[in-house]
Amino acid sequence: MSQALKVGDKVLGNFEGSGRWVEARIESIQDPDTCHIRFQSGEYFTGAHLDVIREFRPFEEGDKVHAVSRRSGKWHSGTIAKVHPLGTYDVDFDSGGEERHLEHDLIIKDHNLEKPV
């Protein structure tokens, strides 16, 4: 993480070790490497080590990403077309398809592609 965690910070937590990175908040700090987080669902994770927490970075329109197609269940490259107020995103796939109102945990930033100018 690029900065020290603080109580109330929004983060992504590896939900039940499933590999799904879900929005959460820091509830308390035990030590510099361990904290308690509460997921949006209300579930509480005690003793979360930094390896199961990522910095929350919302996507912006124009970001190049990889996202899951609900139809195929596969990851595809695309672009964030719209950011919705409640934290979901519309993605236009490079292949021509689209997904609407995808949750944050179904999208990853493509650090190998640059945002168009």
Side-chain angles (χ1 to χ4, degrees):
M1 306 216 44
S2 63
Q3 59 187 26
L5 295 173
K6 300 181 300 297
V7 171
D9 281 355
K10 187 184 287 189
V11 295
L12 295 175
N14 187 348
F15 188 72
E16 297 179 347
S18 66
R20 284 188 59 222
W21 293 89
V22 179
E23 194 174 319
R25 290 228 182 248
I26 302 293
E27 292 281 316
S28 65
I29 308 277
Q30 286 183 297
D31 59 55
D33 295 326
T34 312
C35 61
H36 301 304
I37 62 174
R38 184 174 307 276
F39 292 99
Q40 280 187 317
S41 64
E43 293 187 56
Y44 194 69
F45 184 6
T46 303
H49 194 270
L50 290 182
D51 61 353
V52 297
I53 299 171
R54 291 183 182 169
E55 191 172 357
F56 179 82
R57 293 186 190 147
F59 299 109
E60 298 176 4
E61 289 181 16
D63 280 351
K64 291 292 193 176
V65 297
H66 290 286
V68 172
S69 164
R70 290 186 183 113
R71 289 181 286 281
S72 70
K74 295 180 181 177
W75 291 87
H76 300 277
S77 60
T79 304
I80 298 292
K82 184 173 183 177
V83 178
H84 294 281
L86 296 177
T88 62
Y89 304 89
D90 292 352
V91 177
D92 290 340
F93 293 120
D94 295 344
S95 62
E98 62 184 29
E99 282 292 345
R100 299 297 173 238
H101 295 279
L102 280 176
E103 294 81 15
H104 194 280
D105 64 317
L106 298 176
I107 305 169
I108 57 173
K109 178 85 170 157
D110 189 337
H111 296 287
N112 297 319
L113 301 173
E114 296 182 20
K115 187 187 296 186
V117 179

Distance-minimising heavy-atom pair for [X] and [Y]:
X: L106; Y: W75; value: O-CZ3, 3.4 Å
X: I53; Y: A48; value: CD1-CB, 3.9 Å
X: A67; Y: L102; value: CB-CD1, 3.8 Å
X: V11; Y: F56; value: CA-CB, 3.8 Å
X: G47; Y: Q30; value: CA-OE1, 3.4 Å
X: E60; Y: I80; value: O-CB, 3.4 Å

Could you state the interatomic distance from [atom1] ([X]) to [atom2] ([Y]), rounded to the nearest 0.5 Å?
X: K6; Y: I29; atom1: NZ; atom2: CD1; result: 9.0 Å
X: C35; Y: L5; atom1: SG; atom2: CG; result: 5.5 Å
X: E16; Y: E43; atom1: CD; atom2: CD; result: 5.5 Å
X: D92; Y: S77; atom1: CG; atom2: OG; result: 11.5 Å
X: R71; Y: H76; atom1: CZ; atom2: NE2; result: 9.0 Å
X: L12; Y: I108; atom1: CG; atom2: CD1; result: 12.0 Å

Is the side chain of E99 donor-acceptor paired with the backbone N or O of R70 at a distance under 3.5 Å, no angle test?
->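 Yes; judged by distance alone, with no hydrogens or angles, the pair exists.
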Verify the distance criterion only: is there a donor paired with an acceptor across the side chains of D90 and H84 at less than 3.5 Å?
->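 On atom types as modelled, these side chains qualify, holding a pair under 3.5 Å.
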Test item: F45 and V52 side chains (from C-beta on) under 4.5 Å apart, heavy atoms |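 Side chain of F45 against side chain of V52, heavy atoms only: contact under 4.5 Å found.
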Give the intermediate values and the outcome of side-chain contact (heavy atoms from CB on, under 4.5 Å) for residues K74 and S69.
-> CA-CA 6 Å; K74 295 180 181 177; S69 164; 5.7 Å; no
For side-chain contact (heavy atoms from CB on, under 4.5 Å), just list the numbers for H101 and V91, CA-CA rounded to whole Å, side-chain angles, deciding distance to a tenth of an Å, and then say yes or no.
-> CA-CA 8 Å; H101 295 279; V91 177; over 6 Å; no
Can L50 be reached from Y44 by stepping across I, L, V, M, F, W or Y side chains whose heavy atoms are under 4.5 Å apart?
-> no
Contacts of R38 meeting salt bridge (Lys or Arg N to Asp or Glu O under 4.0 Å) (sequence neighbours excluded), chain-then-number -> E27
Listed by chain and number, what are the side chain to side chain donor-acceptor pair (under 3.5 Å) partners of N14, not counting sequence neighbours?
-> none
Taking the inter-plane angle between the rings of F59 and H104 on a 0 to 90° scale, is it parallel (under 30°), tilted (30 to 60°) or perpendicular (over 60°)?
-> parallel
